[in-house]
Q: 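Here it is: the structure, laid out below.
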Amino acid sequence: MKLAGVLPYARSLLQSSVEPGDIVVDATAGNGHDTLFLANLVGETGTVISCDIQAEAIRATKNRIEAAGLESRVSLFNQGHQSLNTISLFNKAPIKAAIFNLGYLPKGDKSITTNGNTTIVAIEQLLERIVPQGLIILVIYHGHPEGKVEKDEVMSYLQTIPQEEAHIASYGFINQRNAPPFVVAIEKR
Ligand code: SAM
C-alpha cells in the first residue's frame with residue numbers, strides 16, 4: 001500500500017514539525033510509545049510533558065523511557081490532560097506540538113477512556129499555549145461506544161474553531177470495516 005497508515009501518518013506530521021530542543025506534549029501517555037517517539041525527536045535539550053490519569057500508564061511509560069535511557073527528556077504527570085494548565089513548564093514554555101491518542105489503554109481497563117469534555121478542555125488549553133504553526137494531533141478511535149460519543153463531541157467542537165485561528169484537517173480510510181481510527185491535525189495559525 002502506498003498510502004500511509006493512520007498511526008504512521010500521525011507520526012510523520014510530528015516528525016515534520018518537532019525539532020531538537022522543542023517542548024511537546026503527549027496528552028495520553030498510555031504505554032509510552034508516543035512519549036518515546038517524541039523523546040527521540042526533541043533530543044537531549046528538549047522535553048516531553050506526558051500525562052495520563054492511570055498510574056499503571058505512567059508506570060509503563062516510565063519503564064519504557066528508562067529502558068531507552070531518555071528519562072532526562074521526559075516529565076511525567078499522573079493527572080488528566082484537562083489540567084495541563086496546572087503544570088508550570090506547560091505555562092512557561094513555547095509548546096511546539098502535542099498528540100492525543102484517544103480511547104482506552106490497550107490491554108488495560110477498557111472502562112477508563114478519554115471523553116469529549118476533557119479532551120476539548122485540553123485542546124483549548126493547548127491552542128492558547130502552542131506556537132504559531134504548532135501542531136495538535138488527535139488519533140480518534142470511534143469503534144467503541146464512548147469513542148463514538150467522543151468523536152461526535154470533538155468533531156462538533158473543532159468545526160466551531162474559526163479558520164483564522166487554525167487549519168484543521170482529517171486523514172483516514174473511508175472504506176475500512178469497523179469504524180477505523182482516523183487522524184485530525186490542528187495547525188495553529
Ligand atoms: N499514547 C499511548 C501509547 O503510545 O501507548 C496510548 C494511549 S491510550 C489509547 C489512551 C490513554 O488515555 C489511556 O492510557 C487512558 O488512561 C488515558 N486517558 C484517559 N483519560 C485521560 C485524561 N483525561 N487525561 C490524560 N489521559 C487520559
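Since this is a predicted model, take the numbers as computed values, not measurements. Position 1 is the first residue of the sequence; numbering continues from there. Any value given below was found using the heavy atoms of this structure, including those in side chains, with hydrogens, waters and symmetry copies removed. Start at 1 and go down the list; that is how both ligands and their atoms are numbered.
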Q: Short N/O distance, under 3.5 Å, between Q54 and ligand 1?
A: yes
Q: To which protein heavy atom is atom 8 (S) of ligand 1 closest, and what is the distance rounded to 0.1 Å?
A: Y104 O, 3.4 Å
Q: Heavy atom under 4.0 Å from ligand 1: found in T35's side chain, backbone, both, or neither?
A: neither
Q: Below 4.0 Å, non-hydrogen atoms only: which portion of L102 touches ligand 1? Side chain, backbone, both or neither.
A: backbone
Q: Among all protein heavy atoms in this structure, tell me which lies nearest to atom 24 (N) of ligand 1, with the distance rounded to 0.1 Å.
A: H81 N, 2.9 Å
Q: When you measure from atom 26 (N) of ligand 1 to each heavy atom in L36, D26, D52, which option holds the nearest one?
A: D52
Q: What residue and atom, counting heavy atoms only, is the protein's closest point to atom 10 (C) of ligand 1, and at what distance?
A: N101 O, 3.3 Å
Q: Measuring from the heavy atoms of A122, does anything fall under 4.0 Å of ligand 1?
A: no
Q: Identify the two heavy atoms, one from Q79 and one from T86, that lie closest to each other, and give their separation to 0.1 Å.
A: NE2-OG1, 3.1 Å
Q: Against ligand 1, does N115 come closer than 4.0 Å with any heavy atom?
A: no
Q: Among all protein heavy atoms in this structure, tell me which lies nearest to atom 27 (C) of ligand 1, with the distance rounded to 0.1 Å.
A: I53 CG1, 3.7 Å
Q: Enter the distance from D22:CG to T45:OG1 here, rounded to the nearest 0.5 Å.
A: 8.5 Å
Q: Any N or O on N31 sitting closer than 3.5 Å to an N or O of ligand 1?
A: yes
